[in-house]
Enquirer: 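The structure follows.
By convention in this document, chain letters (A, B, ...) are assigned in the order of the sequence lines, proteins followed by strands, and residues within each chain are numbered from 1.
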Amino acid sequence: MEGLVKAAVLALTAVGLSLVFGVMRVVNVAHGAFFMLGAVLAWTVAQYVPGDPMFGWFAALLIAPAIVAAIAATADTFVLKRLNYDPEATIVATIGLLYILEQAALSLFGPDAKPVPAPFNIRLQLPWFGYSGYKIFVVFAAVAVLLAVWWFMTRTRAGLVMRATQVDRQTARAFGINVDRVYAGVFALGAGLAAIAAVLLVPISQAHYLMGGDPLLLSFIVVIIGGLGSLRGTLVAALIIGLSDGVISMFWSPTLAKIIATAAVAMVLVFRPQGLFGARA
Amino acid sequence: MAAVILSAKALVRSFGGLRAVDGVDLDLLSGEIHALIGPNGAGKTTFVSLLSGRIAPDQGQITLAGEDITRLPAHLRVRKGIAYTFQITSIYPRLSVFDNVALAAQARGAGNLKAEVHAALLRVGMAELSNQEAATLSYGHQRLLEVAMGLALNPRVLILDEPTQGLASGEIAGFVALVRSLVPQTTVLLIEHNMDVVMDLAQRITVLNHGKVLAQGSPTEIRSNRAVQAAYLGVDHAET
Amino acid sequence: MKIWILHIAVLLALVLAQLVLPPYHANNLSRILVLAVFAMGYNISFGYAGLLSLGHALLFAAGMYGAGMLVHHAGMPALPALIAGGLAGGAMAGLVGLLALRTAGVSFMIVTLMFAQVGFLSILYFNGVTGGDEGIALTGPQRQILGLDMTQDTPRFWVALILFAIALLVKLALVQSRFGRLMLAMRENEERSRMLGLNPFGIKLKILVISGVFSGVAGAAYALLFGYLGGSFASVQYSILPMLYVLLGGAGTVLGPLLGAGLMFYLVDFTSGLTSAYLMVVGAALVVLVLFAPKGILGTLRERWLPWLP
Ligand SMILES: Nc1ncnc2c1ncn2[C@@H]1O[C@H](COP(=O)(O)OP(=O)(O)OP(=O)(O)O)[C@@H](O)[C@H]1O
Ligand SMILES: [Mg+2]
């Protein structure tokens with residue numbers, strides 16, 4: 001179950017990163033910061049909503065990703081667009097963005113970890129184990145969001161426009177597609193997905209201004225192994241890594257597991273840049 | 001008859017389903033000016049890219065003065081004396097003209113850079129532009145800078161990919177004289193769309209069409225070749 | 001000629017600064033000089049050759065731990081340890097380069113970042129040897145360089161300045177040499193270089209190794225001069241800092257790293273007195289620089305008024 005929850009949250013986060021890279025060719029180093037922001041904002045929203053934690057959490061699920069998406073769209077318009085999406089300059093800029101967001105969270109919310117209560121506390125009692133109902137809910141919610149993303153990308157006009165832009169920016173522009181709007185939208189969507197993942201996860205872990213590092217690293221790993229920019233590969237890789245993460249850390253210390261995973265992924269990039277699965281979605 | 005310096009045997013290279021070069025044989029004779037012509041997309045650039053090592057052939061063999069260089073990486077072929085000037089201008093835009101040519105000269109280990117660079121620039125008539133930033137040169141001068149870089153390499157075989165494209169007609173006359181002055185020390189393989197230049201310079205001409213050799217011979221033979229007229233000159237006329 | 005006079009003048013100004021500045025600032029200057037050596041190393045690969053690495057912390061840490069471990073565990077004297085640190089930085093750069101240089105552009109950035117992360121985590125993991133997060137403090141007797149005591153401000157400054165001067169003059173000679181031209185060729189047009197008979201992979205590997213030696217010496221000097229080595233010096237932040245210094249001062253200029261390191265050091269020093277979120281300055285500086293001044297201070301100066309500036 002832990003593995004499934006991890007895989008679900010990871011898949012959401014990584015799909016956000018992959019989408020941004022796939023369509024915009026932007027490596028968003030601030031992706032983890034958007035994740036963190038989602039969690040911290042969820043805590044804030046939950047603070048202000050009285051009554052049952054259920055209301056606070058659901059309010060957070062709506063509001064936090066929206067705010068994060070708005071911040072991302074702003075960053076795209078005022079920074080990335082002006083850099084003409086030059087790959088190297090945008091990486092430097094998103095590193096800057098990462099520092100700014102992290103430090104802003106530190107100033108505004110302080111250095112402590114903040115708990116967010118789960119919206120409900122049902123335990124599913126099976127003969128052998130008890131399952132936290134919330135964790136099961138997280139898995140289903142993540143799958144639902146991923147399906148929605150898939151539907152959006154393949155079945156709606158906006159998604160079609162995004163995919164057209166991915167194939168060829170110039171041609172898309174020639175066909176009257178407002179590429180600037182599409183890019184801002186994709187960047188916001190990517191960040192929003194990270195934020196949704198964070199809101200889902202935050203009742204299980206906690207909100208902290210430095211919590212973005214691990215999701216960032218893991219998303220990178222997933223996206224690279226799945227093949228840069230391939231959504232299908234990303235999903236498969238998220239599942240494998242989320243599930244195996246628990247297994248690996250049973251044998252090794254978390255640090256050693258990270259060392260091995262990071263080194264292995266770097267090797268994948270060096271020797272198999274098309275990813276382990278190679279298929280392009 | 002002069003010795004064969006560079007020889008291609010049954011070269012094949014495909015892009016996806018397209019056989020851009022489809023079994024081409026070509027022998028370059030030492031000291032000749034050999035023109036390679038053919039309609040757009042005939043596979044000329046691809047063919048000389050195989051010779052220079054920019055891309056690898058699927059099949060076939062390339063020999064330089066009898067030595068098999070089919071598997072040799074591009075930079076080592078250049079060291080052995082095959083120089084290539086790009087069809088799409090490729091220079092160091094933010095470096096000075098001097099530095100551009102100096103890189104070529106120092107790449108083959110020239111001793112006195114200043115003198116060698118000056119000599120190469122003099123030959124293309126750009127000696128006074130030595131300190132100018134390459135990006136700020138006119139297009140014609142950028143083309144000539146590429147040629148100067150090729151000259152500074154002191155190559156045995158110089159491959160020129162549409163060098164007169166973008167030159168003013170006044171500049172072309174000077175260029176023709178320059179190329180003629182290179183032989184017989186250097187062997188020249190010239191890809192060229194300007195028929196006057198080709199007929200003027202080339203001792204032999206090879207015509208490529210759809211990746212295959214359509215005809216080969218002296219300018220007079222090529223001019224009177226029916227197949228060539230149909231495939232190539234005909235197309236050219238239809239376009240203009 | 002003009003060029004050498006300018007750089008000697010800068011060195012003399014630094015001598016003078018030590019004599020007139022109050023101890024606090026003179027001490028800062030020592031740190032700035034060592035960090036500037038690191039940034040010069042970064043500039044060699046990034047500014048001149050266009051290799052945008054996000055993993056130079058690994059090279060800095062290789063020097064720092066290369067020297068620090070030898071001093072701490074093997075009792076090696078400081079000067080040979082300093083040299084060993086430089087070699088460690090170069091060797092690490094060679095190792096990373098052999099792999100990372102098979103990639104380019106964005107992949108190169110990510111791969112170098114990941115290798116550096118592996119190094120950082122390894123330092124934490126092997127905390128028995130490296131001291132991990134807490135690090136290792138070097139004692140006074142371990143910090144004697146040619147009879148100069150690195151626990152004292154003034155001798156420390158002189159050693160820092162000598163190191164910086166050597167690095168500066170070596171770099172100046174390097175960028176004006178034939179090899180310096182090759183470095184620019186890698187940045188400007190790799191395909192053209194290949195077709196001139198140059199081997200880009202080999203040249204870039206050499207550049208990275210030189211960059212690694214600079215970074216390694218800087219890391220070793222940092223440990224020996226300031227008496228401490230710790231895992232945090234291998235963290236991502238220490239890959240970003242030299243990039244920031246170089247971007248600020250001017251990528252591809254000899255004096256840019258010094259200028260950038262000095263300005264950024266004081267900017268962070270100043271804001272960390274005001275807020276715990278001082279790293280925001282680093283972030284904001286990065287964004288502002290890539291947006292509005294990608295050439296940095298000296299790069300812009302060179303473009304507008306001083307075309308001869310190396
Ligand atoms: N890298 C590539 N990938 C896919 N197709 C290519 C590639 N390079 C060339 N082609 C195709 O191979 C064919 C031959 O191209 P090539 O550039 O060799 O022609 P060319 O004779 O030099 O034409 P031109 O006179 O226009 O320069 C063309 O159809 C071209 O589209
Ligand atoms: Mg061509």
Enquirer: Could you work out, with ring-ring contact (aromatic ring centres under 6.0 Å, His included) as the rule, every residue matching C:Phe265, not counting sequence neighbours?
Expert: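 Counting only residues at least two positions away or on another chain, C:Phe265 forms no ring-ring contact (aromatic ring centres under 6.0 Å, His included).
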Enquirer: For C:Arg31, what residues pass the salt bridge (charged side-chain N to carboxylate O under 4.0 Å, His left out) criterion, not counting sequence neighbours?
Expert: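 By the salt bridge (charged side-chain N to carboxylate O under 4.0 Å, His left out) rule, C:Arg31 matches no residue at all.
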Enquirer: Could you grab the distance from atom CD1 of A:Ile224 to atom CD1 of C:Ile110, nearest 0.5 Å is fine?
Expert: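 Here the interatomic distance stands at 5.0 Å.
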Enquirer: Hey, does C:Phe115 have a side-chain heavy atom less than 4.5 Å from the side chain of A:Thr262?
Expert: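 Answer no - side chains too far apart.
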Enquirer: Chain C heavy atoms under 4.5 Å from A:Val27: which part of the residue, side chain, backbone, both or neither?
Expert: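 For A:Val27, side-chain heavy atoms alone lie under 4.5 Å from chain C.
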Enquirer: Can you tell me which residue pairs pass the side-chain hydrogen bond (donor to acceptor under 3.5 Å, both in side chains) test with a partner in residues 282-297 of chain C, sequence neighbours excluded?
Expert: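 Every side-chain hydrogen bond (donor to acceptor under 3.5 Å, both in side chains) pair that includes a residue of residues 282-297 of chain C, provided the two are not neighbours, is C:Lys295-C:Glu303.
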Enquirer: For A:Tyr99 and C:Val281, what are the C-alpha separation, side-chain angles and deciding distance, and is it a side chain to side chain contact (heavy atoms under 4.5 Å, CB included)?
Expert: CA-CA 8 Å; A:Tyr99 276 119; C:Val281 178; over 6 Å; no
Enquirer: Say you draw a straight line from CG of A:Leu98 to CG of C:Leu286; how long is it, rounded to the nearest 0.5 Å?
Expert: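 Output value for this atom pair is 10.0 Å.
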Enquirer: Could you state the interatomic distance from CE (C:Met109) to CD1 (A:Ile91), rounded to the nearest 0.5 Å?
Expert: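 CD1 of A:Ile91 is found 3.5 Å from CE of C:Met109.
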Enquirer: Counting C-beta onward and ignoring hydrogens, is there a side-chain heavy-atom pair between A:Lys258 and C:Tyr125 closer than 4.5 Å?
Expert: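 Sidechains of C:Tyr125 and A:Lys258: no contact.
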Enquirer: So, taking the atom named CG in A:Leu256 and the one named CG in C:Leu124, what distance separates them when rounded to the nearest 0.5 Å?
Expert: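 It is 12.0 Å, given to the nearest 0.5 Å.
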Enquirer: Name the region of C:Leu247, side chain, backbone, both or neither, that has any atom closer than 4.5 Å to a heavy atom of chain A.
Expert: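 For C:Leu247, the contact with chain A is made by the side chain alone.
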Enquirer: Please flag which part of A:Ala104 lies under 4.5 Å from any non-hydrogen atom of chain C: side chain, backbone, both or neither.
Expert: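 Backbone plus side chain of A:Ala104, per the 4.5 Å heavy-atom cut-off to chain C.
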Enquirer: Using a 4.5 angstrom heavy-atom cutoff, name the option from C:Thr103, C:Val288, C:Leu291 with the most pairs to chain A.
Expert: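 Greatest number of close heavy-atom pairs with chain A: C:Leu291.
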Enquirer: Answer yes or no: are there more than 12 heavy-atom neighbours, outside C:Tyr266 itself, under 6.0 Å from its atom OH?
Expert: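 Yes - once you tally the heavy atoms of other residues, nucleotides and ligands closer than 6.0 Å, there are more than 12.
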Enquirer: Drop me the distance from A:Phe271's CZ to C:Arg102's CZ, to the nearest 0.5 angstrom.
Expert: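 Answer rounded to 0.5 Å: 4.5 Å.
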Enquirer: Report yes if some heavy atom in the side chain of C:Val111 is under 4.5 Å from a heavy atom in the side chain of A:Met267; otherwise report no.
Expert: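 Counting from C-beta outward, C:Val111 and A:Met267 never come under 4.5 Å.
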Enquirer: Assess whether atom CG of C:Asp133 is packed by more than 12 heavy atoms of other residues, nucleotides or ligands within 6.0 Å.
Expert: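 No - once you tally the heavy atoms of other residues, nucleotides and ligands closer than 6.0 Å, there are 12 at most.
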Enquirer: Got a second to check how far C:Met280's CE is from A:Leu101's CG, nearest 0.5 Å?
Expert: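 With rounding to 0.5 Å, CE (C:Met280) is 8.5 Å from CG (A:Leu101).
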Enquirer: Taking 4.5 Å as the heavy-atom cut-off, does anything in residues 74-82 of chain A contact chain C, and if so which residues?
Expert: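 Listed by number, the contacting residues are A:Phe78, A:Val79, A:Arg82.
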Enquirer: Tell me, with the steps shown, if C:Val106 and A:Arg25 meet side chain to side chain contact (heavy atoms under 4.5 Å, CB included).
Expert: CA-CA 10 Å; C:Val106 169; A:Arg25 296 279 127 185; over 6 Å; no
Enquirer: Which atom names give the shortest non-hydrogen contact between C:Val290 and A:Ala89, and what distance separates them?
Expert: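 That closest heavy-atom pairing would be CG1-O, 4.2 Å.
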Enquirer: What part of C:Leu99 lies closer than 4.5 angstrom to a heavy atom of chain A: side chain, backbone, both or neither?
Expert: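 For C:Leu99, heavy atoms of backbone and side chain both lie under 4.5 Å from chain A.
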Enquirer: Where do C:Leu54 and A:Ile95 land on the side chain to side chain contact (heavy atoms under 4.5 Å, CB included) test, with the steps shown first?
Expert: CA-CA 10 Å; C:Leu54 292 180; A:Ile95 291 171; 3.9 Å; yes
Enquirer: Can you tell me which portion of A:Ile259 sits under 4.5 Å from chain C's heavy atoms? Options are side chain, backbone, both or neither.
Expert: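 For A:Ile259, backbone and side chain are both near chain C.
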Enquirer: Heavy-atom pairs under 4.5 Å with chain A: which of C:Leu113, C:Val118, C:Leu279, C:Val287 has the most?
Expert: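 Between C:Leu113, C:Val118, C:Leu279, C:Val287, the count favours C:Leu279.
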Enquirer: Taking side chain as C-beta onward, heavy atoms only, is A:Gln103 less than 4.5 Å from C:Tyr278?
Expert: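 Result no, sub-4.5 Å side-chain heavy-atom pair not found.
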